[in-house]
There are 2 protein chains.
Amino acid sequence: MDTNNDITPNSSTEDKIKEAARRVFIRKGYAATRTRDIADESGFNLSLINYYFRSKEKLFDIIIKEHFQSFIQSVMVIVNNRDTSIQQKIQLIINNYIDMLTKNPDLPLFVLKEINSDPDKFMAMIGFDKVNGGGTYLAQQWAEMAAHRKAPPVKPIHFLMNTASLIIFPFIAGPVIRNKTGIDKEQYNNLMEERRKLIPYWVSLMLNDSYEGLNN
Amino acid sequence: MDTNNDITPNSSTEDKIKEAARRVFIRKGYAATRTRDIADESGFNLSLINYYFRSKEKLFDIIIKEHFQSFIQSVMVIVNNRDTSIQQKIQLIINNYIDMLTKNPDLPLFVLKEINSDPDKFMAMIGFDKVNGGGTYLAQQWAEMAAHRKAPPVKPIHFLMNTASLIIFPFIAGPVIRNKTGIDKEQYNNLMEERRKLIPYWVSLMLNDSYEGLNN
DNA sequence: ACTGATTTTAATCATTTGATTGAATAAGTT
DNA sequence: AACTTATTCAATCAAATGATTAAAATCAGT
């Protein structure tokens, strides 16, 4: 009665509006989204969105929060698993991301754009401010590995950047690349599938190289 | 008298408005930019922007066109240079991009967002629709190289994606990474400087590997 | 069937926002 | 000086847009 969930017996309409709003927000971004767009997309009257959610901004907050909670959690489970190796974790994270991004190709651009307009606010909204990467089991494994072998003359942050870049950027740039190459959506998804195996391989190349060729 | 340029004797105000508009548009995106923001940023009256440029959209078009013309041209010069090797071209392009992106860190996100909202229109606007990558001298060099050695079992498009990813994505994700790591802007620029040498090295690793380890 | 609560809608409001207008000022021409 | 043209601004308009309201429709319980 006061836990405030499941109060609504039949939340079908509310959920439909949320789903419609999620689609429109992620496709067009917060600024370019009109509440009327959401009404149209959901098929309901404009004032319904203000009846269920107080305002455009509140609706936005709620949707985004719900959308990311589960994903962040799934990644945290992977990085804190004590039974998988670093290599396995990398592969699992890549799979997790590629699955998610194939379903939601507009998401990275949306996220990065909204973060860009107010980093602290958005990170707090999606609960990413509380995530402490350094406290994960993966970070511990990484530190142990680094202690045992001669570290490459390259700061670790570069490898994190590279992995994220190789996974995420092709989704962001999808429209450009498809437009220039004429590759259709399905073929492009196949390319992304190929990268499931390729990215871990490339990352290990970069990670295990001696960097002796890197001079002058 | 009919070539329509240099008609304006003193274009100082017009240029100031253009500069202000460029800053605001690229920082906030087209949808979130108010003409009043541009007026404020420029220090001039709101109606001045409609006096010089007919509308918000026309102003946008003009600015974007001018902004990209020079950059695209500089890249085309590099890829069509008959006196440099592939490796040298890669290095030059990377330098070109990192220079430009260090000065305009908001640019990639802006471009990708606008392209996303209407690929054909934006590509045409910046003149990128006329660019034919396959017709460049670099493409010819690439084809020759591919003919002479056993091609890796990986489609060439992946290497293009990877290079672009490694260059551009760290700029896009800068705010997120800085927010999580506490790295300040100057330190982050230093990281980007390090990548001038690192990215070509990583790309050659990926390019020259035998891919024998890539199985199952 | 009746009652009260919940859900949905059409109509409307208030603010924001892109654009226009007409006057004021400056600068050059005759 | 008188006239013309280019530049700038305050005031205002019209459309778009987020939000509210009051009434109608629907539903649940009796």
Side-chain angles (χ1 to χ4, degrees), chain A residues 1-64 113-114 117-118 121 125, chain B residues 1-64 113-114 117-118 121 125:
Chain A
M1 209 174 208
D2 44 10
T3 31
N4 143 320
N5 215 349
D6 300 70
I7 275 186
T8 332
N10 182 1
S11 55
S12 164
T13 299
E14 192 174 342
D15 284 347
K16 278 179 194 160
I17 291 176
K18 275 207 278 198
E19 269 311 298
R22 200 180 60 83
R23 284 195 297 276
V24 180
F25 275 134
I26 291 180
R27 187 179 339 123
K28 310 177 54 156
Y30 181 80
T33 295
R34 307 284 103 106
T35 50
R36 281 165 177 80
D37 298 339
I38 298 173
D40 290 349
E41 176 93 13
S42 72
F44 290 102
N45 187 282
L46 171 62
S47 55
L48 256 287
I49 101 161
N50 286 312
Y51 171 76
Y52 282 111
F53 317 91
R54 291 263 307 156
S55 67
K56 177 187 174 186
E57 199 179 358
K58 292 236 171 59
L59 173 55
F60 181 76
D61 288 5
I62 290 169
I63 288 166
I64 299 312
K113 183 80 192 167
E114 299 299 337
S117 73
D118 191 342
K121 185 185 169 232
M125 189 190 304
Chain B
M1 205 170 204
D2 44 10
T3 31
N4 145 318
N5 215 348
D6 301 69
I7 275 188
T8 332
N10 182 1
S11 55
S12 162
T13 298
E14 192 173 341
D15 284 347
K16 278 180 193 161
I17 291 176
K18 274 208 278 199
E19 267 312 298
R22 200 181 61 81
R23 284 195 297 274
V24 180
F25 274 135
I26 291 180
R27 189 179 339 122
K28 309 177 55 157
Y30 181 79
T33 295
R34 305 286 101 105
T35 50
R36 281 163 177 81
D37 298 339
I38 299 173
D40 290 349
E41 176 94 12
S42 72
F44 289 103
N45 186 282
L46 170 64
S47 55
L48 257 289
I49 102 160
N50 286 312
Y51 172 75
Y52 283 110
F53 317 91
R54 292 261 308 158
S55 68
K56 177 188 173 185
E57 199 179 358
K58 291 235 173 59
L59 173 56
F60 182 75
D61 289 4
I62 290 169
I63 289 166
I64 299 313
K113 182 80 191 170
E114 299 299 336
S117 75
D118 191 341
K121 186 185 168 231
M125 188 189 306

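Please read these numbers as outputs of a predicted model, since none were measured by experiment. The sequence lines fix the lettering, A, B, ..., with proteins before strands; numbering per chain opens at 1.
For the pair B:N50 CG and D:dC9 C1', the interatomic distance rounds to 13 Å; values are reported in whole Å. If you take CD of B:E57 and P of C:dG18, they are 12 Å apart, rounded to a whole angstrom. Rounded to a whole Å, the CZ atom of A:R36 is 13 Å from the C1' atom of C:dT16. As rounded to whole Å, 17 Å separates atom P of D:dA23 from atom CG of A:N45. Rounded to an integer number of Å, the gap from B:Y51 OH to D:dA6 P is 7 Å. The distance between atom CZ of A:F60 and atom P of D:dT17, rounded to the nearest whole Å, is 18 Å. Between A:I49 atom CD1 and C:dA10 atom P there is a gap of 16 Å when expressed in whole angstrom units. Summarising the geometry, the separation between OH on B:Y52 and C1' on D:dA6 is reported as 8 Å, rounded to the nearest angstrom.
The side chain of A:F44 lies closest to C:dT8, out of C:dG18, C:dT8, D:dC9. Of the candidates C:dT8, C:dT17, C:dA10, the closest approach to any side-chain atom of A:S47 belongs to C:dA10.
A distance of 11.5 Å separates NZ in B:K18 from OH in B:Y52, rounded to the nearest 0.5 Å.
Note on B:R34: a side-chain N or O is less than 4.0 Å away from OP1 or OP2 of C:dG18. When the side-chain nitrogen and oxygen atoms of B:T35 are compared with OP1 and OP2 of C:dT17, none of them lie within a distance under 4.0 Å.
Ion pairing of B:E19 with B:K16 is absent here, as no side-chain N (NZ or NE/NH1/NH2) approaches a carboxylate O to less than 4.0 Å. Classification of A:R27 and A:E41 as a salt-bridged pair holds, one side-chain N sitting under 4.0 Å from a carboxylate O.
Of the two residues contacting DNA chain C, namely A:L46 and B:K56, the nearest-nucleotide position lying further toward the 5' end is that of A:L46. Along DNA chain C, the nucleotide nearest A:L48 and the nucleotide nearest B:R54 are compared for position; the residue whose nucleotide lies closer to the 5' end is A:L48.
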**Q.** Test side-chain contact (heavy atoms from CB on, under 4.5 Å) applied to A:L59 and A:I38, step by step
**A.** CA-CA 11 Å; A:L59 173 55; A:I38 298 173; 4.1 Å; yes

Q: Using the side-chain contact (heavy atoms from CB on, under 4.5 Å) rule, take A:F60 and A:T33 through it: C-alpha gap first, then chi angles, then the decisive distance, then the call.
A: CA-CA 10 Å; A:F60 181 76; A:T33 295; over 6 Å; no

